[in-house]
Every structure is written in structure tokens, then in C-alpha cells.
Visitor: 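Dropping the structure in here first, questions after.
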Amino acid sequence: MKNILVTGGCGFIGSNFIRYLLDESDFTGRIVNADKLTYAGNPENLSGIAEKFPKRYEFVKADICDPDAMSEIFETYSIDAICHFAAESHVDRSIAEPDAFIKTNITGTFNLLEMARRYKDHIMLFHHVSTDEVYGTLGADGFFTEDTPYSPSSPYSASKAASDHLVRAYHKTYSIPVTLSNCSNNYGPYQFPEKLIPLMILNALEEEPLPVYGDGRNIRDWLYVKDHCKAVWTIMKEGRRGETYNIGGRCEMYNIDVVRMICDLLGQIKPGGKSGRHLITFVKDRPGHDLRYAIDFSKLEKELGWTPAESFETGMKKTIQWYLDNPGWISRVKSGEYLSWIERHYDQ
Ligand code: NAD
Ligand code: DAU
């Protein structure tokens, strides 16, 4: 793989992946990052990268749903592998306004697969980044395996499920070399503060209420984002083509315990800080709220030797420290200044 197209590289996981691949992994080729720069795409997430890797990094502002824009990228940069992160990713937004989820997650993925089909002679791999939410919810016991039947609950997870099926269909029908990964909840640097962990950190720093849905007894399986990035790269290099690999943290937590932990760690880490537990506020539950996610990633562990490096405590300490160290990033995201920057640079 010499010229990898990363879609959605200005988002949370995509930007961590690009940083990891260029700066820390054994990859020696070039990355072309195609991102539409929605509210979730922030070029500042990759600050310093273009300067540090002028020959190995290109950014193109482009919509994956636009066939002409994608075709131009495949031609211009001789793309030989795709790592597909671009998506609408937030469950609550998908409940309020599903439209963009259907377009980007389903039609956008279809469009990229068509490109892979058109340039098939040149394509070594299409890696599709997906979610454990396609499996629906677990009860008190059991784990999601790669064989768990799909049963998505939200427009977001239904759209990701559709995209997974399309990727597998293109492998079976057109012999496109694909791999898929279905990962649990990520946290870490550069996560947009609509998701549970960064929202709670930022609200606690501002002494604002910490909204916990329902009774806070829903369970998620948390994974530090760099561990996810390492897993994706391992699968891209060594995963069997046509196969799906689950990725997880072996780290089940009740939401309420995550929020309490953030409050307590902030109290310890922040100079002069105190626990913000008094800010916790139980609010109306999310419709169709999945009760529990827990991943069995033994296939990835046994076949490719990947396991998470961070525990929840070490990962959370790093994450909180990152937000404390980056008040400029926070204020530009919260004020929307990054969106005006994008408008000035690209949309005029
Ligand atoms: P994110 O919302 O932070 O970033 C998404 C990126 O995609 C943004 O940069 C956005 O501008 C870009 N994008 C959106 N629509 C686009 C379009 N039409 N064309 C081009 N770019 C577009 O998302 P994330 O949390 O980094 O998630 C990345 C991927 O990982 C998604 O596919 C998501 O389903 C999957 N995933 C996320 C998690 C998680 O916990 N965040 C867990 C498992 C899987
Ligand atoms: O499991 C992987 C998925 O994890 C990814 O595919 C999604 O892209 C990602 O957004 C995430 O989905 P969740 O819905 O699990 O993440 P979120 O951070 O929105 O919520 C985590 C849990 O916290 C969930 O049970 C809902 C709850 N929650 C969330 C928010 C934003 C709250 O209680 N209060 C909140 O304000």
C-alpha cells in the first residue's frame, strides 16, 4: 500500500489514525485525506501534519457522495488502498435528523465501492471502519462476536449496517479485496464534545450540568482511540481479505460510573480542582437506547495478536490531560470559530 485514501481524516478517529500512521507506524507511503469538513471535521485536528510530512500527506476537501470528486482523487493520486472512516457518527443527531446519515453512510460508501470497482486492477484493499452498534443491544450476559446477527436500533446504526452489507457484497460479487472492523466506543484526544466523554469533561470544567440519560445504567465497552488505530492498521496489513474483525476494550462500564470517574479524576488532575459529582443530572432517556455493548475480540487477538495497550484509567488520564492542555482547541470548537475558518479557507 503506497497511496492510501483516508476518508473522514479530519474527524476524531480519522485524525488520530493519520497521526499514528505517519508519525508512529511502519507505513512509509502517502496518505490522501478526503473530508467534506462537516461540523465534525476540524482541520486543526491535523495541525502540523502537512508541514511535517509535505511529501507524504495531501488534503482534499471533498464529499464521498460526489462521484466526480472521488474519481479525480483516485486518478490524481494513484490510490491503491482505502481506509474508510467518513460518516455521520452521532446517534442522537441520527434520531433528530436521519437524512445525512442515509446519504453519507450508505450512498457515500456505495460511491466509494464503485470507485474501488472502477479502479479494481490497482486496488489492494478497501478497509471499512464500522461499529459494534450494528449488532443492536445485549442483555445482562454475552458478547458480540463476528457472527452475531445484525439488529441495529438507531438510524445511525442501521445506516452503518447497510454500509457493512454493501462492502461484503462487493467482495463476494466483484472480488474487491475488503476487510471490515466493528469497534466499540472510542475516547481520546480530538473527540468532538457531543459524545459522552468529552461532553462531560468540558461541562465539568465549566461547572455546567452533566446530563446522564435515563438511570445511567447503560453499559458501553470503552477503547482508547490509539488502540483502535493500531488495530485498524494491523487488520489492513495482515487481516484476511473478506473478513470482519471485532475490536473492543474489554472494558465494560456503566455510563454513570464513567461520569463519576471523570468528575473524580478532574478533581485530582486539575490544579485546585474539586470533584464535579454535584453537577450530575439525570435527564430523559434516548429513544431506542441500547442497554449494553460488550465485544468479543478474540478473533483479532488470536489471528493478528492485537490487544489494547491502555487501561480505562490510563487512557482517561491521558484524555483529561489532553483537554486540559488544549484550551485553544476547546474554545475554537465551542465557539464555532473552526467553522468560520473553514468557510474563509475553502468556501469562498
Ligand atoms: P467523526 O464524526 O468525529 O468524524 C467523521 C468525519 O467524516 C468528519 O471529519 C466529517 O467531516 C467527515 N465526513 C462526514 N460526512 C462526509 C462526507 N459525505 N464526505 C467526506 N467526509 C465526510 O466520527 P468518528 O467518531 O471519528 O468516527 C469515524 C468512523 O468510525 C465512523 O465511520 C464511525 O461510524 C466509526 N466508529 C466510531 C466509533 C466512535 O466511538 N467514535 C466507534 C466505532 C466506529
Ligand atoms: O459503540 C460505538 C459507537 O459509540 C460509535 O459507532 C458511535 O459513532 C459513537 O458515537 C458511540 O455511540 P454511543 O451512542 O454509544 O456514544 P455516545 O457518546 O453518544 O453515548 C455513550 C453513552 O452515554 C450512551 O449510552 C448514551 C449516553 N449519554 C450520551 C450523551 C451524549 C448520556 O448519558 N448523556 C449524554 O449527554
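Just so you know, ligand 1 is whichever comes first in the structure, and atom 1 is the first atom listed for that ligand.
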Visitor: I'd like to check L46 versus C10 (side-chain heavy atoms, cut-off strictly below 4.5 Å). Are they in contact?
Guide: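 Yes. Closest side-chain heavy atoms under 4.5 Å.
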Visitor: Under 3.5 Å, N/O to N/O: give me all the pairs between ligand 1 and the protein, one per line with atom names and distance.
Guide:
residue, atom, partner, partner atom, Å
ligand 1, 2 (O), S89, OG, 2.7
ligand 1, 3 (O), F12, N, 3.0
ligand 1, 9 (O), G11, N, 2.9
ligand 1, 9 (O), D35, OD1, 3.3
ligand 1, 9 (O), D35, OD2, 2.5
ligand 1, 11 (O), D35, OD1, 2.6
ligand 1, 11 (O), T38, N, 3.1
ligand 1, 11 (O), T38, OG1, 3.2
ligand 1, 18 (N), D63, OD1, 2.9
ligand 1, 18 (N), T104, OG1, 3.0
ligand 1, 19 (N), I64, N, 3.0
ligand 1, 21 (N), K36, N, 3.1
ligand 1, 23 (O), S89, OG, 3.3
ligand 1, 26 (O), F12, N, 3.4
ligand 1, 26 (O), I13, N, 2.8
ligand 1, 32 (O), F85, O, 2.8
ligand 1, 32 (O), K160, NZ, 2.7
ligand 1, 34 (O), Y156, OH, 2.7
ligand 1, 34 (O), K160, NZ, 3.1
ligand 1, 40 (O), N186, N, 2.9

Visitor: Which N or O atoms of ligand 2 sit under 3.5 Å from a protein N or O, and how far apart is each pair?
Guide:
residue, atom, partner, partner atom, Å
ligand 2, 1 (O), D132, OD1, 2.5
ligand 2, 1 (O), N185, OD1, 2.8
ligand 2, 4 (O), N185, OD1, 3.4
ligand 2, 4 (O), N185, ND2, 3.1
ligand 2, 6 (O), T131, OG1, 2.7
ligand 2, 6 (O), Y156, OH, 2.6
ligand 2, 8 (O), S89, O, 2.7
ligand 2, 8 (O), Y156, OH, 3.1
ligand 2, 10 (O), S89, O, 3.2
ligand 2, 12 (O), E133, OE2, 2.7
ligand 2, 14 (O), R286, NH1, 2.6
ligand 2, 14 (O), R286, NH2, 3.4
ligand 2, 15 (O), E133, OE2, 3.4
ligand 2, 15 (O), N185, ND2, 2.8
ligand 2, 15 (O), R220, NE, 2.9
ligand 2, 16 (O), N185, ND2, 3.4
ligand 2, 18 (O), L196, N, 2.8
ligand 2, 19 (O), R286, NH2, 2.9
ligand 2, 23 (O), N255, ND2, 3.4
ligand 2, 25 (O), R220, NH2, 3.2
ligand 2, 25 (O), N255, ND2, 2.8
ligand 2, 25 (O), H289, NE2, 2.6
ligand 2, 33 (O), Y213, N, 2.8
ligand 2, 34 (N), P211, O, 2.8
ligand 2, 36 (O), P211, O, 3.4

Visitor: Please check if the number of heavy atoms outside K334 that lie under 6.0 Å from its NZ is greater than 12.
Guide: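 Atom NZ in K334 is packed in, count exceeds 12.
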Visitor: Ring centroids only, cut at 6.0 angstrom: are Y190 and W322 within range, meaning strictly under it?
Guide: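 Under 6.0 Å, so yes.
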Visitor: We want to know whether T244 and R168 form a side-chain donor-acceptor pair, criterion being a heavy-atom distance below 3.5 angstrom.
Guide: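 Looking only at side-chain atoms, R168 and T244 do form a donor-acceptor pair, the distance falling under 3.5 Å.
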Visitor: Only one of L125, I18, V32, L21 clears side chain to side chain contact (heavy atoms under 4.5 Å, CB included) with I4; which?
Guide: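 Going through the options one by one, the only one that passes is L21.
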Visitor: Decide whether T76 and E72 meet the rule of one side-chain donor and one side-chain acceptor closer than 3.5 Å.
Guide: no
Visitor: Counting the benzene-type ring for Trp, do H165 and Y150 have ring centres under 6.0 Å apart?
Guide: yes
Visitor: Please check if the distance between the ring centroids of F27 and W233 is under 6.0 Å.
Guide: yes
Visitor: Any luck finding a side-chain donor-acceptor pair between K120 and S175 under 3.5 Å?
Guide: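 The criterion, which ignores hydrogens and geometry beyond distance, is not satisfied for S175 and K120.
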